[in-house]
Novice: 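Okay, handing you the structure first.
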There are 2 protein chains.
Amino acid sequence: MIDAAGLRVIKAISDHGSFTAAAASLGYSQPAISQMVRRLEDRTGTVLVERLGRSVRLTEAGQVLARHANPVLAALDAAEAEVAAIAGLRAGRVRLMAFPSSSSTLVPRALALVKQRFPDVHVTFSEAEPPESLAALRSGECDVAVAFAYEGTDLARGEEDLDSFVTRPLLEDEVRLALPLNHPRAKATKIKLSDMADEPWIAGCPRCRGHLLSLADRAGFNPDVAFETEDYVAVLGLVAEGLGVALVPDLIRRSAGNPGVVTLPIDPASRRTVYAVTTPDLQRVPAVAATLDALCEAATAKGVCTG
Amino acid sequence: MIDAAGLRVIKAISDHGSFTAAAASLGYSQPAISQMVRRLEDRTGTVLVERLGRSVRLTEAGQVLARHANPVLAALDAAEAEVAAIAGLRAGRVRLMAFPSSSSTLVPRALALVKQRFPDVHVTFSEAEPPESLAALRSGECDVAVAFAYEGTDLARGEEDLDSFVTRPLLEDEVRLALPLNHPRAKATKIKLSDMADEPWIAGCPRCRGHLLSLADRAGFNPDVAFETEDYVAVLGLVAEGLGVALVPDLIRRSAGNPGVVTLPIDPASRRTVYAVTTPDLQRVPAVAATLDALCEAATAKGVCTG
DNA sequence: ATTTTTGATAACAAATTGTTACAATTCAAC
DNA sequence: GTTGAATTGTAACAATTTGTTATCAAAAAT
């Protein structure tokens, strides 16, 4: 019934003492004010303005509206300012989820970039493997997920539909074989997986284990998985102690290298692609876009970012 | 830019979780909500709602608006309620100015009527002679004036323009001659002013003095005005002490009768009319109308109220 | 008295806000 | 899988609201 425009008009009249001056202060023509007041009076069923020949004065009811105008308009302005701050990257919160091995360098570098450029944009961060991070994205618990897909498999393992997501490739990550330093083949420049068919294997996260099984199958053997752990530092530790060999993405070696371990390219080569993932809607949120950009830039030092 | 309607829509979406439910809760069709959100997003240049297939969720910016919605809408409702209270006579203030001799019975009775009918309407009251009360009405210092005009003269003494006022006759007040009880003519039933040409006179307020001079002139003499006072109780006291005779409106005698004084009709008769005066705008304010009605009713006991 | 200032009104233009009908999508259930 | 109910988006249109210009009438100031 009464809206912000009406209050603005009443307040202008109260402040300036005439319709004409109120109109000028609001950038309207004088008849616009006349009609606005008339409409308000019709709607409220009350006289709001006393016409005294040349000047006007608010009645008690008009003064009531004028008194309420300030808080209401101030609150509206505040709301607008807050939204504008988010739109202008002077505020905003982005909830990022990334898989553990990305946390070591890629994500911290991206967070630093965002913070440097937009100090008031807050990126919160938590670790999760791709299936959970994508589920969190879908359910609204996070805004950006950093996930990966092994060559030839879908990002979401084929089961989830990806149409509802927007993906941005960040970098290509080569999958290498990790051997203990004292292993007989540690000096090779390249290795066939089938050569390792009789070694005990150490597997990483479930998807990595799946990838290992898939590659081994293609190489014609069934690996003996002696240990499984999601913690890649532990994987490398186990390898260093000579308890087995493992497939590890290059990112791991570079960020958490273990001096007792060497990694070699495998033949045929295999890679995984690391993506930043979000939704089409969120992609248009400035703070989210800035985070994606930062991830992209942080990645270019290591890989190719097309975006 | 952002208005109350927009906030209402965002709040409804936040509360109900879908456009359809929000539309139902606001009595709109679903496309109305879709378009409203789209407009808001265009205006703010920000994504406010994440579309997740079947349901929707507010983005951070959307949540900001939803959070501001409550205070703004509550303040608007409060403003509306206050105005409605004034319109519905559950609130309101009327500033009444009346000339002194009306204060004794007419005005108190009217105030009591208003208070009985509309306990939350506050009528404040102050005394002023007609010229000042009308000036106060014009300048906005009061809402209703109780004034009088002697027969044949304008309410505002001819100088002021009455077009800008609305008048409502309350009662006719006969002008009588006050004599001390022991005056030789105290037993007469009617008296010609010319019979009193040689008496000392006591004059009331300036306008009353003017009326005395005018009547005396018509009766062919020039009265010897021995005392002047605006206080009619004093006038009657002076008369009772035999210090002179006076013209007093009947209202005075009835409300402040002095046992040492008799009042007689004069010939030719003279009356004054008591009016309630306000402005056309204020007349439409319910509390003012109620006060006018009460004055009218309070007067019917004594005179004729046409209104 | 005349001029300037101010509000009201009429007629019209433009923007807004809403509706209905229908297409497209999602999600759950069979 | 496939169907079906539920939900959002879009297009076309109608109604309302909101603003402008031109003009009038009244009030104040000179």
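Please read these numbers as outputs of a predicted model, since none were measured by experiment. To find a chain, count down the sequence lines: A is the first, B the second, and so on, and within it residues start at 1.
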Novice: Base, sugar-phosphate, or nothing: which does B:R43 touch, judged by heavy atoms less than 4.0 Å apart?
Specialist: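 Answer is sugar-phosphate: B:R43 comes under 4.0 Å of backbone atoms only.
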Novice: Could you tell me the separation between the CE atom of A:M36 and the C1' atom of D:dT20, rounded to a whole number of Å?
Specialist: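 So the CE-C1' distance, A:M36 to D:dT20, works out to 16 Å.
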Novice: Measure the distance from CD on B:E41 to C1' on D:dT8 and round it to the nearest whole Å.
Specialist: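 After rounding, the reported distance stands at 13 Å.
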Novice: Measure the distance from CZ on A:F19 to P on C:dT9 and round it to the nearest whole Å.
Specialist: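 That distance rounds to 11 Å.
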Novice: Scan residues 58-67 of chain A against DNA chain D and write down, sorted by residue number, each residue with any heavy atom closer than 4.0 Å; if none is found, say none.
Specialist: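 Nucleic-acid contacts, sorted: none.
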Novice: For residues 79-100 of chain A, which residue pairs qualify under side-chain hydrogen bond (donor to acceptor under 3.5 Å, both in side chains), counting only residues two or more places apart or in two chains?
Specialist: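 Those involving residues 79-100 of chain A are A:E82-B:R67, A:E82-B:H68, A:R95-A:D143.
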Novice: Could you state the atom-to-atom distance from CZ of A:R57 to P of C:dG7 in whole Å?
Specialist: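 It works out to 13 Å between those atoms.
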Novice: Going by side-chain hydrogen bond (donor to acceptor under 3.5 Å, both in side chains), name the pairs with one or both residues in residues 276-286 of chain A, residues two or more places apart or in two chains.
Specialist: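 Counting only pairs at least two positions apart or across chains, no side-chain hydrogen bond (donor to acceptor under 3.5 Å, both in side chains) contact touches residues 276-286 of chain A.
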Novice: Starting at atom CD of B:E50, determine the distance to atom P of D:dT8, rounded to an integer number of angstrom.
Specialist: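 Between P of D:dT8 and CD of B:E50: 14 Å.
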Novice: Strictly distance-based, threshold 3.5 Å: is any side-chain N or O of A:T291 a donor or acceptor partner for the main-chain N or O of A:A287?
Specialist: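 Yes, because the side chain of A:T291 sits within donor-acceptor range (under 3.5 Å) of the backbone of A:A287.
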Novice: Do the side-chain N or O atoms of B:R51 get closer than 4.0 angstrom to the phosphate oxygens (OP1, OP2) of D:dG9?
Specialist: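 True: B:R51 side-chain N/O within range (under 4.0 Å) of D:dG9 OP1/OP2.
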Novice: Axis-to-axis angle across the helix from C:dA1-D:dT30 to C:dC30-D:dG1, five pairs an end, to 10 degrees?
Specialist: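 Inter-axis angle at the termini of the helix from C:dA1-D:dT30 to C:dC30-D:dG1: 30°.
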Novice: Between D:dG9 atom C1' and B:I13 atom CD1, what is the distance in whole Å?
Specialist: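 Computing the B:I13:CD1 to D:dG9:C1' distance gives 14 Å.
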Novice: Strictly below 4.0 Å, heavy-atom distances to any atom of DNA chain C: list the hits from residues 28-35 of chain B, or just say none.
Specialist: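 Of all residues in residues 28-35 of chain B, the ones placing a heavy atom under 4.0 Å from DNA chain C are B:Y28, B:S29, B:P31, B:A32, B:Q35.
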Novice: Give me the distances for all protein-to-nucleotides 14-16 of chain D N/O pairs that come in under 3.5 Å?
Specialist:
none

Novice: Report the residues that fulfil side chain to side chain donor-acceptor pair (under 3.5 Å) with A:E127, sequence neighbours left out, ordered by chain and then residue number.
Specialist: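 With neighbours one apart ignored, the set is A:S103.
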Novice: Evaluate the side-chain proximity of B:I86 to A:T59: yes if any heavy-atom separation is below 4.5 Å, no if none is.
Specialist: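 Of all side-chain heavy-atom pairs linking B:I86 with A:T59, none is under 4.5 Å.
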Novice: What residues, two or more places apart in sequence or in another chain, satisfy side-chain contact (heavy atoms from CB on, under 4.5 Å) together with A:Q63?
Specialist: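 Result, side-chain contact (heavy atoms from CB on, under 4.5 Å) vs A:Q63: A:L58.
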Novice: Give the rounded distance in Å between these two atoms: CE of A:M1 and C1' of D:dT17.
Specialist: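 Computing the A:M1:CE to D:dT17:C1' distance gives 16 Å.
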Novice: Run the side-chain contact (heavy atoms from CB on, under 4.5 Å) check on B:T44 and B:M1 step by step: do they pass?
Specialist: CA-CA 8 Å; B:T44 59; B:M1 182 161 162; 4.2 Å; yes
Novice: In Å, rounded to the nearest 0.5 Å, how long is the span from CG of A:L282 to CD of B:E50?
Specialist: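 Rounded to the nearest 0.5 Å, the CG-CD separation comes to 4.0 Å.
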Novice: Sort and list the pairs that fulfil salt bridge (charged side-chain N to carboxylate O under 4.0 Å, His left out) and have at least one residue in residues 12-41 of chain A, not counting sequence neighbours.
Specialist: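 Of all non-adjacent pairs touching residues 12-41 of chain A, those that pass salt bridge (charged side-chain N to carboxylate O under 4.0 Å, His left out) are A:K11-A:D15, A:E41-A:R51.
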Novice: Can you list everything that forms a side-chain contact (heavy atoms from CB on, under 4.5 Å) with B:L40? Sequence neighbours excluded, please.
Specialist: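 With sequence neighbours excluded, B:L40 shows a side-chain contact (heavy atoms from CB on, under 4.5 Å) to B:I10, B:L48, given in chain and number order.
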Novice: For A:F99, what residues pass the ring-ring contact (aromatic ring centres under 6.0 Å, His included) criterion, not counting sequence neighbours?
Specialist: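 Expected list: A:F148.
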Novice: If you take all heavy atoms of B:A276 and B:L295, which pair is closest and at what distance?
Specialist: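 In this case the closest contact between B:A276 and B:L295 is CB-CD1, 4.1 Å.
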Novice: Residues two or more places apart in sequence or in another chain: which of them pass side-chain contact (heavy atoms from CB on, under 4.5 Å) with A:A24?
Specialist: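 Partners of A:A24 by the side-chain contact (heavy atoms from CB on, under 4.5 Å) criterion come out as none, since no residue qualifies.
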Novice: Does A:R39 place a side-chain N or O at less than 4.0 Å from the phosphate oxygens OP1/OP2 of D:dT18?
Specialist: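 Result: yes.
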Novice: Whole angstroms only, please: what is the CG-P distance between A:D42 and D:dT18?
Specialist: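 So the CG-P distance, A:D42 to D:dT18, works out to 12 Å.
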Novice: Determine, stepwise, if the pair B:R207 / B:E129 fulfils side-chain contact (heavy atoms from CB on, under 4.5 Å).
Specialist: CA-CA 9 Å; B:R207 297 181 74 187; B:E129 294 289 342; 5.7 Å; no
